[in-house]
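The next block holds one structure in the form of structure tokens; read it before the comments.
Throughout, protein chains are lettered first and strands after them, A, B, ... in sequence-line order, and every chain is numbered starting at 1.
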Amino acid sequence: MPELPEVETIARGLAKRVTGDVIESVWLGSKPEPLKSPAEHIVETLEGARISAVGRMGKHIVFDLERPKQQAAAKGKRREAQVEGSRAQWVVHLGMTGQMLVCKPDAEIEKHTHAIAKLKSGRELRFVDPRRFGRLSVARNGDFETVGVEPLDVDLARFVELFRGRKTPIKSALLNQKLLRGVGNIYADESLFRAGIRPRRRAATITREQLEKLYESVRQVLKEAIKLGGSSISDYVDPEGKEGFFQLRHRVYGREGEPCLVCRTSVKRTVIAGRSSHYCPKCQK
DNA sequence: ACTATTTCCTGGATGC
DNA sequence: TGCATCCAGGAAATAG
């Protein structure tokens with residue numbers, strides 16, 4: 001379940017391996033494709049493009065693409081002709097189980113492979129996603145906007161403002177990508193534990209002081225997790241096949257019934273907005 | 001304008 | 001052992 005730290009780790013790994021490479025051809029799997037843009041649009045945008053950078057926005061991996069000039073000239077008859085030397089992005093959301101793999105072309109094609117981009121270097125970028133919650137799309141430069149703010153960029157004042165007047169539980173607000181982007185179930189629970197706030201607390205009832213603590217907690221948890229390469233639960237590994245280690249630092253997530261690491265009280269689990277939520281009833285108010 | 005709930009999807013875990 | 005059922009959850013869609 002890639003959240004911000006995992007996606008950041010993945011994007012860095014991909015950047016290291018495919019920056020500067022050129023996409024020569026693209027294959028998209030049949031059936032209901034996990035696409036947010038029309039298939040032809042994706043193929044047209046990716047083929048021939050050079051990957052100039054790989055980054056992250058919220059939980060999205062963003063490949064920055066440069067389209068060569070001669071490409072546009074040679075295919076002049078194309079209706080939606082590419083502007084010369086145009087820029088675009090390939091945006092990938094991994095959903096729950098998505099993976100972006102860099103493979104040798106002779107590597108066995110895994111079940112649930114939905115897209116393959118052949119690279120000039122001879123390798124392939126493959127998108128594999130058993131549960132099909134992941135999504136692929138393309139955008140022209142600047143088109144890919146997400147509404148929420150980056151937790152690691154936002155300042156305290158704007159962070160506090162996000163929750164003003166919201167009756168929804170703070171846990172739901174943290175998961176709402178239109179407010180804050182990149183925080184998922186694990187990091188929401190871990191942040192709330194560190195801030196001493198119960199997940200069901202209505203956002204609007206949280207004091208300024210507590211919100212300041214939450215602001216620091218969210219950022220601290222995310223930074224620490226990035227440093228450790230994310231949380232490896234189920235079978236998450238980064239593009240180099242390495243596991244993350246933040247799961248060893250989880251204080252409440254997945255620890256139902258186990259003693260709180262601070263006060264030994266049994267960690268409780270409840271469901272909020274359809275998501276399991278873990279907390280210590282004594283440490284969190 | 002918000003908020004809450006349902007839906008999508010498959011593999012692994014659990015239960016009888 | 002085998003089969004059915006449940007559960008995980010991001011975000012879009014739907015309902016209130």
Margin query: Expressed as a whole number of angstroms, how long is the span from A/Lys171:NZ to C/dA11:C1'?
Written below: 15 Å
Next item on the list: Give a yes/no answer on whether the side chain of A/His60 brings an N or O atom under 4.0 Å of OP1 or OP2 in C/dG10.
Entry: no
Notebook entry, point to check: With ring centroids as reference points, do A/Tyr187 and A/Phe246 lie under 6.0 angstrom apart?
Noted result: yes
Check: Nearest-Å distance, CD1 (A/Ile272) to P (C/dA8)?
Finding: 13 Å
Checklist line | Whole-Å gap separating C1' (C/dG9) and CG (A/Asp129) | finding: 12 Å
Note to self: With heavy-atom distances below 4.5 Å as the criterion, would you say the side chains of A/Glu190 and A/Val252 are in contact?
What the structure shows: yes
Notebook entry, point to check: OP1 or OP2 of C/dA11 less than 4.0 angstrom from a side-chain nitrogen or oxygen of A/Lys59, does that happen here?
Noted result: yes
Next item on the list: Let me know, please, whether A/Gly274 or A/Lys167 comes out on the 5' side of the other along DNA chain B by nearest nucleotide.
Entry: A/Lys167
Next item on the list: Kindly say if A/Arg166 contacts the phosphate of B/dT3, meaning a side-chain N or O under 4.0 Å from OP1 or OP2.
Entry: yes
Notebook entry, point to check: Do any side-chain nitrogens or oxygens of A/Arg275 fall under 4.0 Å of OP1 or OP2 in C/dC7?
Noted result: no
Notebook entry, point to check: CE of A/Met96 versus P of B/dG11: gap in Å, rounded?
Noted result: 13 Å
Item checked: N/O (side chain, A/Tyr253) to phosphate O (OP1/OP2, C/dG9) under 4.0 Å -> yes
Next item on the list: Select base, sugar-phosphate, or nothing to describe what A/Phe163 touches, counting heavy atoms under 4.0 Å on all strands.
Entry: nothing
Item checked: Short side-chain N/O contact to C/dA11 OP1/OP2 from A/His93, under 4.0 Å -> yes
Check: Would you call A/Phe133 stacked on C/dG9, i.e. ring centres under 5.5 Å apart with the planes less than 30° off parallel?
Finding: yes
Next item on the list: Please answer whether the main-chain N or O of A/Arg17 pairs with a side-chain N or O of A/Arg123 as donor and acceptor at a distance below 3.5 Å.
Entry: yes
Checklist line | Sugar-phosphate, base or nothing in reach of A/Arg181, heavy atoms under 4.0 Å | finding: nothing
Note to self: Is the phosphate of B/dG11 approached by A/Lys111 (side-chain N or O, under 4.0 Å from OP1 or OP2)?
What the structure shows: yes
Margin query: Using a 4.0 Å heavy-atom cut-off, does A/Arg200 contact any base of the nucleic acid, only the sugar-phosphate backbone, or nothing at all?
Written below: nothing
Item checked: A/Ser276 side-chain N/O to C/dG9 phosphate OP1/OP2 under 4.0 Å -> yes
Item checked: Short side-chain N/O contact to C/dG9 OP1/OP2 from A/Arg132, under 4.0 Å -> no
Notebook entry, point to check: Tell me: CZ of A/Arg202 to C1' of B/dT3, nearest whole Å?
Noted result: 9 Å
Notebook entry, point to check: Ignoring hydrogens and angles, are the base of C/dA11 and the side chain of A/Arg135 linked by a donor-acceptor pair under 3.5 Å?
Noted result: no
Next item on the list: Check for a donor-acceptor pair, side chain of A/Glu6 on one end and backbone N or O of A/Glu3 on the other, with a separation under 3.5 Å.
Entry: yes
Notebook entry, point to check: Any donor-acceptor pair under 3.5 Å linking the side chain of A/Asp129 with the backbone of A/Gly134?
Noted result: yes
Check: What nucleic acid atoms does A/Ser172 come within less than 4.0 Å of, heavy atoms only: base, sugar-phosphate, or nothing?
Finding: nothing
Next item on the list: For A/Gln177 and C/dG9, give me the distance from atom CD to atom P, rounded to whole Å.
Entry: 14 Å
Notebook entry, point to check: More than 12 non-hydrogen atoms from neighbouring residues, nucleotides or ligands closer than 6.0 Å to NZ on A/Lys104, yes or no?
Noted result: no
